[in-house]
Novice: 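The structure that follows is given in the form of structure tokens.
Both backbone and side-chain heavy atoms feed into the values below; hydrogens, waters and symmetry mates do not.
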Amino acid sequence: MFAVPETIVPNNEKLRLKKLYDYQILDTHSEDTFDKIAFIAMQALKTPYAFLTFVDDDRVFFKSNISDFQGNIAARENFPCSLAILNDGFSVFYDTHDVAYLKEGYICGEGGVRFYAAAPLKTPEGFLLGTLCVADVKPRKTPVNDVELNMLKSLSEIVINKLESRLRYKKLLRSQNELMSLTLHELKNPLASIKLANDVLRKDPSRLEPMSDMIKESVLRMQSKLHELLKQSETEEELKLNIEETNLEVLINGLIKSFELLAKRKNQKITFKFDAATPTVYIDRAKMSDVFFNLLSNAIKYSYHDTEITIIVQKQGNMVVIEFRDQGQGLNAEDIDKLFMKFAKLSAKPTGKETSNGLGLSICKSLVEMHKGKIFAESPGKDKGTSFFVLLPLTRKRDESTM
């Protein structure tokens with residue numbers, strides 16, 4: 001007889017379940033593709049039953065169930081698939097009555113399974129999520145041969161390949177949706193600058209040259225964002241970083257220049273303090289520019305008239321810290337808890353009738369984390385201003401890219 005295992009929970013259970021949930025396969029309807037795979041397995045091993053199972057926290061879900069058994073859920077305890085995910089190899093029980101662990105469950109009851117053979121569903125990371133298995137109500141005396149086992153293994157690999165393909169497609173859709181949200185969000189500020197420059201020109205035609213430069217810069221920014229969106233759609237790749245050596249002083253000075261007109265409308269002053277000891281950084285210049293663009297835009301949007309906004313860049317250990325400090329409405333504890341959530345509604349309101357959709361900070365967080373950095377905010381309280389901090393590592397390589 002097989003020994004009763006001390007535990008049916010693998011050592012990597014938490015990560016295993018996370019991968020299982022990523023596939024979003026649990027509690028879904030039967031599908032022809034998977035049913036056909038189970039049917040081929042049943043024919044190859046000459047059994048009356050076949051199953052495609054996934055082992056959840058406390059249950060076993062039958063994605064495919066070619067048998068006389070009703071339902072698609074079984075308890076994880078005392079079930080053969082719970083044993084089958086404990087090792088990378090095949091699990092073959094010629095007679096389940098010889099397996100002490102199974103004698104407590106309904107498998108060994110009247111009309112239960114006597115013969116069981118399974119190949120684990122193994123992900124590229126090595127997680128065993130469930131099984132492709134065949135069964136019979138009669139014990140088997142004839143050994144299962146290598147050809148039959150290899151057929152079972154090949155079919156189980158087809159199942160995983162199908163799930164991985166679906167997962168990549170879902171990630172691609174999510175990446176493209178995020179890029180579209182980012183692009184649409186980033187178009188708002190250039191459009192506002194163009195409108196403002198047009199208003200200035202109508203009142204004071206003598207300012208044609210600086211306003212013309214601002215309009216041109218805004219249009220180029222919009223074209224760049226749209227080009228990025230189209231390129232991403234054409235290549236059908238997930239959002240990646242294009243790492244390049246970047247001088248933060250030059251980058252942020254250019255950013256401040258593009259916001260001068262918007263800040264002037266509220267009589268706000270933008271001060272830039274740059275530590276000369278700060279080295280150049282290796283970042284995706286376009287995407288981090290989007291982050292800084294959002295943070296400076298928010299500082300202007302939520303700060304009062306006649307206040308100062310300060311941008312501070314300095315090196316701290318192996319990180320560079322970029323702080324955006326304002327004298328605006330500040331944040332309370334509840335605001336800070338949900339600050340980077342999509343569509344979060346905060347207590348602060350735009351002070352110049354600007355609009356906000358609650359997407360900017362969640363996008364910033366995603367882009368900073370892609371750089372293996374951190375973003376957070378601090379505020380002494382309401383009406384006491386806010387500081388947003390972006391921490392970026394100084395150890396990235398020029399040719400490094402991140403999914």
Novice: So among Q327, Q268, Q329, which one has a side-chain contact (heavy atoms from CB on, under 4.5 Å) with Y304?
Specialist: Q329
Novice: Does atom NZ (K264) have a neighbourhood of more than 12 heavy atoms from anything else shown, all under 6.0 Å?
Specialist: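 Counting other residues, nucleotides and ligands, NZ of K264 stays at 12 neighbours or fewer.
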Novice: Between D88 and K122 (salt bridge meaning N to carboxylate O under 4.0 Å), is one present in this structure?
Specialist: yes
Novice: Which of parallel (below 30°), tilted (30 to 60°) and perpendicular (above 60°) describes F389 and F376?
Specialist: parallel
Novice: Given 3.5 Å as the limit, does a donor-acceptor pair link the side chain of K365 with the main chain of M341, or not?
Specialist: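 Here the side-chain-to-backbone pair does not exist.
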Novice: When you compare the side chain of V113 with that of P80, does any pair of heavy atoms fall below 4.5 Å?
Specialist: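 SC-SC contact between P80 and V113 ruled out.
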Novice: Are any side-chain N or O atoms of N247 and backbone N or O atoms of V250, one a donor and one an acceptor, separated by less than 3.5 Å?
Specialist: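 Yes: the side chain of N247 pairs with the backbone of V250.
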Novice: Going by the ring pair (Phe, Tyr, Trp, His ring centres under 6.0 Å) test, which pairs reach into residues 7-30, not counting sequence neighbours?
Specialist: none
Novice: Are side-chain heavy atoms of I283 and L248 found at a separation under 4.5 Å?
Specialist: yes
Novice: With rounding to the nearest 0.5 Å, note down the distance linking OG1 in T123 to CG in N161.
Specialist: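 Going from the OG1 atom of T123 to the CG atom of N161 covers 11.5 Å.
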Novice: So do the side chains of C81 and C133 get within less than 4.5 Å of each other, counting heavy atoms only?
Specialist: yes
Novice: Before accepting this row, confirm whether a basic side-chain N of the pair D326/K301 lies closer than 4.0 Å to the acidic partner's carboxylate O.
Specialist: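 No, this pair does not count.
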Novice: Find the distance between CZ (F272) and CD1 (I312) and round it off to the nearest 0.5 Å.
Specialist: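 Result: 10.0 Å between the selected atoms.
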Novice: After noting the C-alpha distance and the side-chain angles of F115 and F93, does the key distance pass the side-chain contact (heavy atoms from CB on, under 4.5 Å) rule?
Specialist: CA-CA 6 Å; F115 169 72; F93 305 140; over 6 Å; no
Novice: With a sphere of 6.0 Å drawn around CZ of R166, does it hold more than 12 non-hydrogen atoms of other residues, nucleotides or ligands?
Specialist: yes
Novice: One pair to check against side-chain contact (heavy atoms from CB on, under 4.5 Å): L163 and V159. What are the steps and the verdict?
Specialist: CA-CA 6 Å; L163 294 175; V159 172; 4.2 Å; yes
Novice: Quick check: does any side chain N or O of Q43 sit under 3.5 Å from a backbone N or O of I40, one acting as donor and the other as acceptor?
Specialist: no
Novice: Tell me whether N198 contacts the main-chain N or O of I194 through its side chain, where contact means a donor paired with an acceptor under 3.5 Å.
Specialist: no
Novice: Give the intermediate values and the outcome of side-chain contact (heavy atoms from CB on, under 4.5 Å) for residues I270 and I300.
Specialist: CA-CA 9 Å; I270 303 175; I300 293 172; 4.3 Å; yes
Novice: Going through the distances and angles, do F293 and F259 end up as a ring-ring contact (aromatic ring centres under 6.0 Å, His included)?
Specialist: CA-CA 9 Å; F293 200 93; F259 275 100; 4.7 Å; yes
Novice: Return yes when atom CG of D146 has more than 12 non-hydrogen atoms of other residues, nucleotides or ligands closer than 6.0 Å, and no otherwise.
Specialist: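 No, the 6.0 Å shell around CG holds no more than 12 heavy atoms from other groups.
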Novice: Counting only heavy atoms not in K153 (residues, nucleotides, ligands), do more than 12 fall under 6.0 Å from its NZ?
Specialist: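 12 or below, so no.
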Novice: Testing L121, V60, T28, T131 one by one against F54 for a side-chain contact (heavy atoms from CB on, under 4.5 Å), which residue passes?
Specialist: L121
Novice: Determine the minimum heavy-atom distance between P48 and A135, stating which atoms define it.
Specialist: CD-O, 3.4 Å
Novice: Give a yes or no on whether the backbone of A38 and the side-chain of K36 come within a donor-acceptor separation of less than 3.5 Å.
Specialist: no
Novice: Any non-hydrogen side-chain atom of L132 less than 4.5 Å from a side-chain atom of I158?
Specialist: no
Novice: I'd like to know whether Y49 forms a ring-ring contact (aromatic ring centres under 6.0 Å, His included) with F69, so could you lay out the CA-CA distance, the side-chain angles of the two residues, the decisive distance to 0.1 Å, and finally the verdict.
Specialist: CA-CA 9 Å; Y49 302 149; F69 301 112; 5.4 Å; yes
Novice: Look up atom CG in D290 and atom CG in L367, then write down how far apart they are to the nearest 0.5 Å.
Specialist: 6.5 Å
Novice: Is the number of heavy atoms from other residues, nucleotides or ligands within 6.0 Å of CG (N11) greater than 12?
Specialist: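 No.
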Novice: Heavy atoms, side chains only, cut-off 4.5 Å: are N72 and N65 in contact?
Specialist: no
Novice: So, the side chain of N318 versus the backbone of L394: is there a donor-acceptor pair under 3.5 Å, distance only?
Specialist: no
Novice: Which atoms form the tightest heavy-atom contact between I66 and F39, and what is the distance?
Specialist: CD1-N, 3.5 Å
Novice: Answer yes or no: is there a donor N or O on one side and an acceptor on the other, between the side chain of S154 and the main chain of N150, under 3.5 Å?
Specialist: yes
Novice: Using 0.5 Å steps for rounding, measure from the CZ atom of R76 to the CG atom of D56.
Specialist: 8.0 Å
Novice: Should we say atom CE of M319 is surrounded by more than 12 heavy atoms from elsewhere, each under 6.0 Å from it?
Specialist: yes
Novice: A side-chain contact here means heavy atoms from C-beta on lying under 4.5 Å apart; do I37 and K162 qualify?
Specialist: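 They are not in side-chain contact.
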Novice: Return the CD to CD distance between Q314 and E323, rounded to the nearest 0.5 Å.
Specialist: 7.5 Å
Novice: With the side chain counted from C-beta on, respond yes when T351 and S303 share a heavy-atom pair under 4.5 Å apart, and no when they do not.
Specialist: no
Novice: Decide, yes or no, whether a salt bridge links R16 with E13 under the criterion of side-chain N to carboxylate O below 4.0 Å.
Specialist: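 Answer for the salt bridge query: yes.
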Novice: At their closest point, which heavy atom of L20 faces which heavy atom of V55, and how far apart are they?
Specialist: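 Here L20 and V55 meet closest at CD2-O, 3.4 Å.
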Novice: Can you check side-chain contact (heavy atoms from CB on, under 4.5 Å) on I322 and I252, steps first, answer last?
Specialist: CA-CA 10 Å; I322 305 98; I252 294 176; 4.1 Å; yes
Novice: Could you pull out all residues at least two apart from D95 that satisfy side chain to side chain contact (heavy atoms under 4.5 Å, CB included)?
Specialist: H97, D98, R114, P139
Novice: Between CG of L361 and CD1 of I375, what distance do you get to the nearest 0.5 Å?
Specialist: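 Nearest 0.5 Å value for the CG-CD1 distance: 6.5 Å.
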Novice: Minimum heavy-atom separation for R140 and T47, please, with both atom names.
Specialist: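 Shortest heavy-atom separation between R140 and T47 comes out as NH2-CG2, 3.7 Å.
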Novice: Nearest heavy-atom pair of I25 and F61: which atoms, and what distance?
Specialist: O-CE2, 3.4 Å
Novice: Taking S362's backbone N and O only, do any of them form a donor-acceptor pair with S366's side chain (distance below 3.5 Å, no angle check)?
Specialist: yes
Novice: Can you name the nearest heavy-atom pair linking A119 to L152, along with the distance?
Specialist: N-CD2, 3.7 Å
Novice: Does a sphere of radius 6.0 Å around NZ in K266 hold more than 12 heavy atoms from other residues, nucleotides or ligands, not counting ones at 6.0 Å or beyond?
Specialist: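 Check passes, neighbour count above 12.
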Novice: Tell me, do L201 and L208 make a side-chain contact under 4.5 Å, heavy atoms counted?
Specialist: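 Yes, close enough: below the 4.5 Å cut-off.
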Novice: Does any N or O in the side chain of N294 come within less than 3.5 Å of the main-chain N or O of V291, such that one atom is a donor and the other an acceptor?
Specialist: no
Novice: Has E125 got more than 12 heavy atoms of other residues, nucleotides or ligands less than 6.0 Å from its CD?
Specialist: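 Yes - once you tally the heavy atoms of other residues, nucleotides and ligands closer than 6.0 Å, there are more than 12.
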Novice: Under 4.0 Å between a side-chain nitrogen and a carboxylate oxygen: does that hold for E378 and R325?
Specialist: no
